[in-house]
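The structure appears below as structure tokens.
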Protein chains: 2
Amino acid sequence: MTDGRTRRREDTRQRLFVAAVDLIAEQGFSATTVDHIAARAGVAKGTVYYNFESKTVLFEELLRHGVGLLTAEFRAAVDGLPPLEALGALVRAQLEYIRRYRAFAQLLLSEMWRTNREWQQTLRLLRGEAIAVIADTVQAGVDSGDLPADLDVRTASSALFGVGLVVAVDWLVFSPERPIDEVQESLLGIVRRVART
Amino acid sequence: MTDGRTRRREDTRQRLFVAAVDLIAEQGFSATTVDHIAARAGVAKGTVYYNFESKTVLFEELLRHGVGLLTAEFRAAVDGLPPLEALGALVRAQLEYIRRYRAFAQLLLSEMWRTNREWQQTLRLLRGEAIAVIADTVQAGVDSGDLPADLDVRTASSALFGVGLVVAVDWLVFSPERPIDEVQESLLGIVRRVART
DNA sequence: AATTCCAAACTGACTGGTCAGTATAAAAAC
DNA sequence: GTTTTTATACTGACCAGTCAGTTTGGAATT
């Protein structure tokens with residue numbers, strides 16, 4: 001399974017992902033050239049096309065990879081916890097993720113609300129999967145009475161997702177000198193206050 | 001000052017702004033061509049270059065125009081109001097603005113947190129001006145004791161700005177069927193709850 | 001354990017197309 | 001008669017994607 005060949009190939013794909021995520025976070029998808037990605041990854045241009053069908057497919061697989069990781073961490077975070085604690089765990093998991101993969105978070109923030117791009121459908125789907133985990137938790141909170149019964153679950157969930165993203169990335173981009181734990185505290189405080197009613 | 005000639009020219013520039021904002025909101029700056037902007041605005045390509053130095057300058061002036069408008073509405077909204085009411089007025093003004101200029105808001109959301117682009121400096125500056133109005137209001141609230149004394153004014157202000165943007169645009173993109181007034185209520189509710197401590 | 005062989009992985013020059021920006025002559029608006 | 005706009009053609013740089021050829025890992029053969 002993991003002989004030298006597949007290991008090597010997997011390594012190349014990983015290097016291409018890392019190069020692509022950094023460049024696309026900085027400049028956006030269209031402004032990032034395949035030549036530049038290849039150079040940053042230290043491979044020839046042909047290698048990009050040997051490993052990925054096209055620039056768009058590379059990006060789509062990158063999105064799947066990155067958001068998939070986030071969704072998995074969400075699932076692991078809430079596992080077995082009662083609603084209110086689970087909500088806090090989600091905020092913590094999201095910020096932990098953003099701290100670890102800041103370039104990907106930045107990229108996500110920039111590309112999430114675009115329309116009319118080829119990969120829009122893919123991203124929408126992935127976003128849905130991640131938010132579903134949040135929504136399940138919020139729903140459980142409403143059912144258990146820990147959250148207000150009139151809370152609009154779908155809206156609250158997507159708002160929570162978006163707010164965490166924007167606050168954390170804003171902090172990283174405009175006040176990188178501050179420790180991100182402060183954002184976490186602040187966000188947790190807000191979520192708790194809102195939940196308390 | 002506003003003779004026929006300048007009026008006409010101003011009208012052309014306005015049409016170009018509108019065309020550019022729509023296309024860039026959908027596809028991003030790099031994926032939007034000057035030919036396409038010209039066609040959408042119903043003018044010849046040469047006219048774009050008669051009115052703007054370059055594609056980048058057109059975009060920078062667009063940013064200045066759009067954010068300038070927002071800042072002006074912020075200033076008008078808080079004028080003469082006591083801190084807490086002023087805060088509510090800011091949220092309302094921002095959402096009102098986003099409802100009216102949704103494409104611009106979408107564009108702003110996509111380009112705001114990018115690094116390494118020519119216009120990044122411009123946008124950073126403009127963002128600062130808009131947030132300054134919020135920060136003045138928040139500071140006044142802290143001084144008057146309406147807001148908690150230990151509140152980090154700079155952070156709270158930029159968070160407020162970002163959150164309004166992301167929640168509203170998220171709503172517009174992913175749940176356009178719902179009336180935006182609901183976002184306003186929800187956001188106001190959150191801000192009030194946070195302020196109350 | 002050295003040699004041969006093959007397919008997978010990778011290379012980089014090349015191609016065809018696209019696009020920002022320029023040029024210009026003529027027309028329209030004021 | 002000056003400013004603005006049009007229509008069209010052009011240039012040069014850049015870029016996604018291709019492909020014929022090279023390298024590499026390792027399996028088979030001796």
Side-chain angles (χ1 to χ4, degrees), chain A residues 1-24 26-63 107 111 116-120 122, chain B residues 1-24 26-63 107 111 116-120 122:
Chain A
M1 182 198 175
T2 44
D3 60 344
R5 293 224 246 261
T6 32
R7 177 108 91 297
R8 186 181 174 205
R9 196 172 175 181
E10 209 41 61
D11 183 62
T12 303
R13 287 173 58 96
Q14 197 61 38
R15 296 232 305 288
L16 284 169
F17 275 161
V18 171
V21 87
D22 282 351
L23 291 169
I24 297 176
E26 284 171 10
Q27 311 175 317
F29 175 78
S30 299
T32 301
T33 68
V34 174
D35 286 272
H36 206 157
I37 294 173
R40 169 83 67 114
V43 301
K45 187 179 192 175
T47 304
V48 177
Y49 287 93
Y50 180 75
N51 284 281
F52 299 95
E53 226 175 71
S54 65
K55 184 187 172 187
T56 302
V57 169
L58 161 58
F59 186 52
E60 279 179 340
E61 293 197 22
L62 175 58
L63 288 174
L107 173 164
E111 308 294 345
N116 279 274
R117 305 262 60 196
E118 316 98 290
W119 31 261
Q120 195 220 339
T122 303
Chain B
M1 184 197 176
T2 46
D3 60 344
R5 290 219 243 264
T6 34
R7 181 126 59 318
R8 185 173 171 228
R9 198 175 171 180
E10 209 40 62
D11 182 63
T12 302
R13 288 172 57 97
Q14 196 62 38
R15 295 231 306 287
L16 283 169
F17 276 161
V18 171
V21 89
D22 283 350
L23 291 169
I24 296 176
E26 283 173 11
Q27 311 176 318
F29 175 78
S30 300
T32 302
T33 68
V34 173
D35 287 272
H36 206 158
I37 294 173
R40 170 82 67 111
V43 302
K45 186 179 185 177
T47 305
V48 177
Y49 286 94
Y50 182 78
N51 284 283
F52 299 95
E53 226 176 72
S54 66
K55 185 187 171 188
T56 302
V57 168
L58 160 59
F59 186 52
E60 278 180 340
E61 292 196 23
L62 173 59
L63 287 174
L107 172 164
E111 305 295 343
N116 280 274
R117 305 260 60 194
E118 314 99 290
W119 62 80
Q120 194 219 341
T122 303

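All of these numbers come straight from a predicted model, not from anything done at the bench. By convention in this document, chain letters (A, B, ...) are assigned in the order of the sequence lines, proteins followed by strands, and residues within each chain are numbered from 1.
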Problem - Residue whose nearest DNA chain C nucleotide is more 5′ - Arg5(B) or Arg8(A) - result: Arg8(A)

Fill in the blank from the handout: Asp11(A) CG to dC10(C) C1', in whole Å, measures 13 Å

Problem - Donor-acceptor contact below 3.5 Å, side chain Lys55(A) vs main chain Val48(A) - result: no

Problem - Gap between atoms NZ and P, on Lys55(B) and dA20(C) respectively (whole Å) - result: 5 Å

Practice task
Rounded to the nearest angstrom, tell me the gap between atom CG in Leu16(B) and atom C1' in dT4(D).
Solution key: 13 Å

Exercise for the section: Please work out if Val43(B) contacts a base, only the sugar-phosphate, or nothing of the nucleic acid, heavy-atom cut-off 4.0 Å. Expected result: sugar-phosphate

Practice task
Assign Ser30(B) to base, sugar-phosphate, or nothing according to its heavy-atom contacts below 4.0 angstrom with the strands shown.
Solution key: nothing

Exercise for the section: Return yes if some donor-acceptor pair links the side-chain N/O of Asp3(B) with the main-chain N/O of Thr6(B) below 3.5 Å, else return no. Expected result: yes

Handout entry: Spacing between Glu118(B) atom CD and dA20(C) atom P, to the nearest angstrom
Key = 12 Å

Fill in the blank from the handout: Between CG of Asp3(B) and C1' of dT4(D) the distance, given in whole Å, is 12 Å

Handout entry: N-O pairing of Asp11(B) and Arg15(B) below 4.0 Å
Key = yes

Practice task
Indicate whether OP1 or OP2 belonging to dC10(C) is found under 4.0 Å from a side-chain N or O atom of Asn51(A).
Solution key: yes

Exercise for the section: May I have the distance from Lys45(B) (atom NZ) to dA9(D) (atom C1'), rounded to whole angstrom? Expected result: 11 Å

Completion exercise
Correct closest heavy-atom pair for Leu16(B) and Val43(B) would be CD2-CG2, 3.9 Å

Exercise for the section: Scan Thr47(A) against the nucleic acid and name what it touches under 4.0 Å (heavy atoms): base, sugar-phosphate only, or nothing. Expected result: base

Exercise for the section: Check whether any side-chain N or O of Thr12(B) sits under 4.0 Å from OP1 or OP2 of dT4(D), and answer yes or no. Expected result: no

Completion exercise
Considering only heavy side-chain atoms of Tyr49(A), the closest of dG12(C), dT18(D), dA9(C) is dT18(D)

Handout entry: Charged N-O contact under 4.0 Å between Glu111(A) and Arg117(A)
Key = no

Problem - Nucleotide dT5(D), atom P - distance to CZ of Arg13(B) in whole Å - result: 10 Å

Practice task
May I ask you to verify if any side-chain N or O of Tyr50(A) is less than 4.0 angstrom from the OP1 or OP2 atom of dC10(C)?
Solution key: no

Handout entry: Atom-pair distance (CZ on Arg15(B); P on dT6(D)), nearest Å
Key = 7 Å

Practice task
Quick one: label Thr32(B) by what it contacts on the DNA or RNA (base, sugar-phosphate, nothing), any heavy atom closer than 4.0 Å.
Solution key: sugar-phosphate

